[in-house]
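Some notes on the structure that comes next.
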2 protein chains.
Amino acid sequence: MAQRGSYAKGVAKREEILERALDVIATEGYDGASVKRIAEAVGLSQAGLLHYFDSKEELFTEVLRKRDEHDGEQFGLPDGRSGDATAIDVAVIRESFLRVIRHNMEVPGLVELFSRLAVEAANPEHPAHDYFLERGEAVRDGFALTAPPGPMPPDVYARILQAVADGLQLQWLVDPTVDMAGIVDQLLATLQQNPASAS
Amino acid sequence: MAQRGSYAKGVAKREEILERALDVIATEGYDGASVKRIAEAVGLSQAGLLHYFDSKEELFTEVLRKRDEHDGEQFGLPDGRSGDATAIDVAVIRESFLRVIRHNMEVPGLVELFSRLAVEAANPEHPAHDYFLERGEAVRDGFALTAPPGPMPPDVYARILQAVADGLQLQWLVDPTVDMAGIVDQLLATLQQNPASAS
DNA sequence: GTCTATACTCGGATAGAC
DNA sequence: GTCTATCCGAGTATAGAC
């Protein structure tokens, strides 16, 4: 457990492992990604790696967290802390969103890991359960900023965008010709210029 | 393998197994549903059950097929064969769709099985791969019938609805308070009364 | 057609030496 | 902190009797 002691060394190693894992899954794909496989990529034995994580589930949950961290930096996602959005913000968020999707289309392994864990996280005991709850909220907070005025409440609007993103990934996993970004783009165009602003 | 010979007996038994499996997963939930568990529910040994299916994957894929069959009968879904839709058809399809969603909210085990297989089906070797491709097409054909005139092509519209349905299930699995039907209802209302009909 | 029994594989976890 | 070794459980698959 990296926590214990949390010497800079342990923490640093943990980071290193996560970075490496991210890289392996992104480039070599997820195929039943096992602890052992990650361990080898890091240059550690399976037991050696498990020294830093309580379980397989925890490891992979942390991989997803690390990935979000990267995406946040790389694509400048909103952190959900800001209260309102100007017209410019909306365009910016929208573009960030699309860039993330386009990026995802380059890393099927990560998309698969994400989707797989999303289902397993249904179990409240699973370490990813909280992760998905928290992440979902954060993501929706970002989306809600771009909600147009109209009859649809921002949180509903946000849930729909989230669902579209996740659902398209499932379609894309079985059929990689699906143009996730293009579809989302068209949806946003339709939804955001929605002229029905009567309550 | 039930195929071989396909005596009425074998086929009937296969059906019986699927019906029973459907029932078990629906009522007792999916928790790592194993062949053994289904076998016990059917009153068969694991080996006995595997006599009718080539593998676990095939079994569960067939369970999903059987479920679609039920849903089709019970909720009168369009079969994708009809060419166009009148205003009444649209309302009918929409209501069927919502009823299916409401029904799904009663059977989390089936939703979990579906979602799980949807990810595993990413592998072209998986028996569910073709199932998801075919089913996806059929579902979208149904949705496309309800597409409003406007800038968004019917197939894009259909893909979005499919994505929303599947994506909401992921949200709902981790947080069962999510009102899938209500959200879809609001989306349809917004999308279908879309006045932007300029090409 | 169905069962019992077994074999085999995979992968995660743990013990204990260094 | 890391390894080797081992264990163990789950779960599928198969062999062979009845």
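To find a chain, count down the sequence lines: A is the first, B the second, and so on, and within it residues start at 1. Nothing here was measured: the structure is a model prediction, and the numbers come from that model.
The main-chain N or O of B:Val119 is never found under 3.5 Å from a side-chain atom of A:Ser115 such that the two would form a donor-acceptor pair. Put simply, the side chain of A:Arg159 never gets that close to the backbone of B:Leu168: no donor and acceptor are under 3.5 Å apart. Panel note: side chain A:Gln169, backbone A:Val111; no donor-acceptor pair is recorded below 3.5 Å.
For the salt bridge (Lys or Arg N to Asp or Glu O under 4.0 Å) with A:Glu15, the qualifying choice from A:Lys66, A:Arg65, A:Arg20 is A:Lys66, the only one to do so.
Atom-to-atom, CD of A:Glu57 to C1' of C:dG11 comes out at 11 Å; the value is rounded to the nearest Å. Counting to the nearest Å, the P atom of D:dG11 and the CZ atom of B:Phe60 are 10 Å from each other. Nucleotide C:dG12 holds its P atom 12 Å from the CD atom of A:Glu40, rounded to whole Å. A:Leu44 has its CG atom 10 Å from the P atom of D:dT4, to the nearest Å. Atom-to-atom, CG of B:Leu50 to P of D:dG11 comes out at 14 Å; the value is rounded to the nearest Å. Between the CG atom of B:Asp54 and the C1' atom of D:dT14 there is a distance of 13 Å, rounded to whole Å. Rounded to whole Å, the distance from CZ on B:Phe53 to P on D:dA13 is 13 Å. When the C1' atom of D:dG1 is taken as reference, atom NE2 of A:His51 falls 5 Å away, rounded to whole Å.
The side chain of A:Ala47 lies closest to C:dA15 when the candidates are C:dG12, D:dT14, C:dA15. Distance from the side chain of B:Ser45 is smallest to C:dC3 among D:dC3, C:dC3, C:dA13. Side-chain proximity of A:Tyr52 to the nucleotides D:dG1, C:dT2, C:dA13 is greatest for D:dG1.
With hydrogens and angles left out, the side chain of A:Gln46 and the base of C:dG12 share a donor-acceptor pair within 3.5 Å.
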Under the salt bridge (charged side-chain N to carboxylate O under 4.0 Å, His left out) rule, what do A:Arg140 and A:Asp155 come out as? Steps first, then yes or no, please.
CA-CA 7 Å; A:Arg140 290 192 298 275; A:Asp155 59 308; over 6 Å; no
Give the C-alpha distance, both sets of side-chain angles, the deciding distance and a yes or no for side-chain hydrogen bond (donor to acceptor under 3.5 Å, both in side chains) between B:Tyr157 and B:Gln192.
CA-CA 10 Å; B:Tyr157 172 86; B:Gln192 292 186 345; 3.2 Å; yes
Could you please spell out the steps behind the salt bridge (charged side-chain N to carboxylate O under 4.0 Å, His left out) verdict for B:Arg116 and B:Glu112?
CA-CA 6 Å; B:Arg116 211 170 265 265; B:Glu112 185 169 347; 3.0 Å; yes
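Near DNA chain D, defined here as any heavy-atom distance below 4.0 Å, the residues from residues 28-37 of chain B are B:Ser34, B:Val35, listed numerically. Contacts with DNA chain D (heavy atom under 4.0 Å) in residues 110-128 of chain B: none are found.
Applying the side-chain contact (heavy atoms from CB on, under 4.5 Å) rule to B:His129 yields the partners A:Val174, B:Pro124, B:Leu133; only residues at least two apart in sequence or on another chain are considered.
For the residue pair B:Glu19 / B:His70, a side-chain donor-acceptor distance below 3.5 Å is found, with atom types taken as modelled.
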